[in-house]
Asks: 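After the structure tokens below, expect a handful of questions from me.
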Amino acid sequence: MRDAETNAVLMKSFAFAVRCVNLRKYLIKEKGEYDMSKQLLRCGTSIGANIKEALRGQTRPDFGTKMNISLKEASESEYWIELLQATEYLTPEQGDNLLKDCRELIKLLTSIVKTTFAKVE
């Protein structure tokens, strides 16, 4: 089961990272916004990087720790998207669409982390 969940979350995190990169380019070019979009770029692309690293984890706790880092990065991404939306750099539709994807990642990662650490204890 872990492999199926991991592959889904890896694919979704990669797609989310691509969206974050493209959003950063858009916000710089069209809105002249650099700071918040840079923060979102960093945490939004870090999610998948940590998942990819977790797949090579040497132990179950190592895997769980990296997945937990991915979860934290997803939570931070949610914050920056909400802030970009609240400050009207993103339309409600743009923000809601990104938040939907981000929150789906949060749910998947939460499930993986809970399952992983439940088996350790």
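Everything numeric in this text was worked out from a predicted model, so none of it was measured.
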Asks: Given 3.5 Å as the limit, does a donor-acceptor pair link the side chain of Ser37 with the main chain of Tyr34, or not?
Replies: yes
Asks: What's the separation between atom CG in Leu109 and atom OG in Ser70, rounded to the nearest 0.5 Å?
Replies: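 Rounded to the nearest 0.5 Å, the CG-OG separation comes to 5.5 Å.
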Asks: Counting heavy atoms not belonging to Arg42, are there more than 12 under 6.0 Å from its CZ?
Replies: no
Asks: Are side-chain heavy atoms of Ile112 and Leu71 found at a separation under 4.5 Å?
Replies: no
Asks: Would a distance-only check, ignoring hydrogens and angles, find a side-chain to backbone donor-acceptor pair under 3.5 Å from Asn97 to Glu93?
Replies: no
Asks: What I'd like to find out is whether the side chain of Met67 reaches to under 4.5 Å of the side chain of Asn50, using heavy atoms alone.
Replies: no
Asks: List the steps and the verdict of side chain to side chain contact (heavy atoms under 4.5 Å, CB included) for Thr116 and Arg60.
Replies: CA-CA 7 Å; Thr116 300; Arg60 180 176 288 277; 3.6 Å; yes
Asks: Would you check if the side chain of Glu30 reaches a backbone N or O of Leu27 as a donor-acceptor pair within less than 3.5 Å?
Replies: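 No, Glu30 side chain to Leu27 backbone: no donor-acceptor pair under 3.5 Å.
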Asks: Should Lys66 and Glu73 count as an ion pair when the cut-off is N to O under 4.0 Å?
Replies: no
Asks: Hey, does the side chain of Gln85 reach the backbone of Leu90 with a donor-acceptor pair shorter than 3.5 angstrom?
Replies: no
Asks: Quick test of your reading of the model: are Lys12 and Asp101 salt-bridged, counting only N-O distances below 4.0 Å?
Replies: no
Asks: Could you walk me through whether Lys25 and Glu33 satisfy the salt bridge (charged side-chain N to carboxylate O under 4.0 Å, His left out) test, starting with their C-alpha distance in whole Å, then the side-chain angles of each, then the deciding distance to 0.1 Å, before giving a yes or no?
Replies: CA-CA 10 Å; Lys25 290 190 289 188; Glu33 197 295 309; over 6 Å; no
Asks: With no hydrogens and no angle check, is any side-chain donor or acceptor of Asn68 less than 3.5 Å from a backbone partner on Gly64?
Replies: no
Asks: Determine yes or no for a side-chain-to-main-chain donor-acceptor pair under 3.5 angstrom, with Ser111 supplying the side chain and Lys107 the backbone.
Replies: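 Flag not set: sc Ser111 to bb Lys107 has no pair under 3.5 Å.
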Asks: Do Phe16 and Leu98 have side chains that get closer than 4.5 Å, going by heavy atoms?
Replies: yes
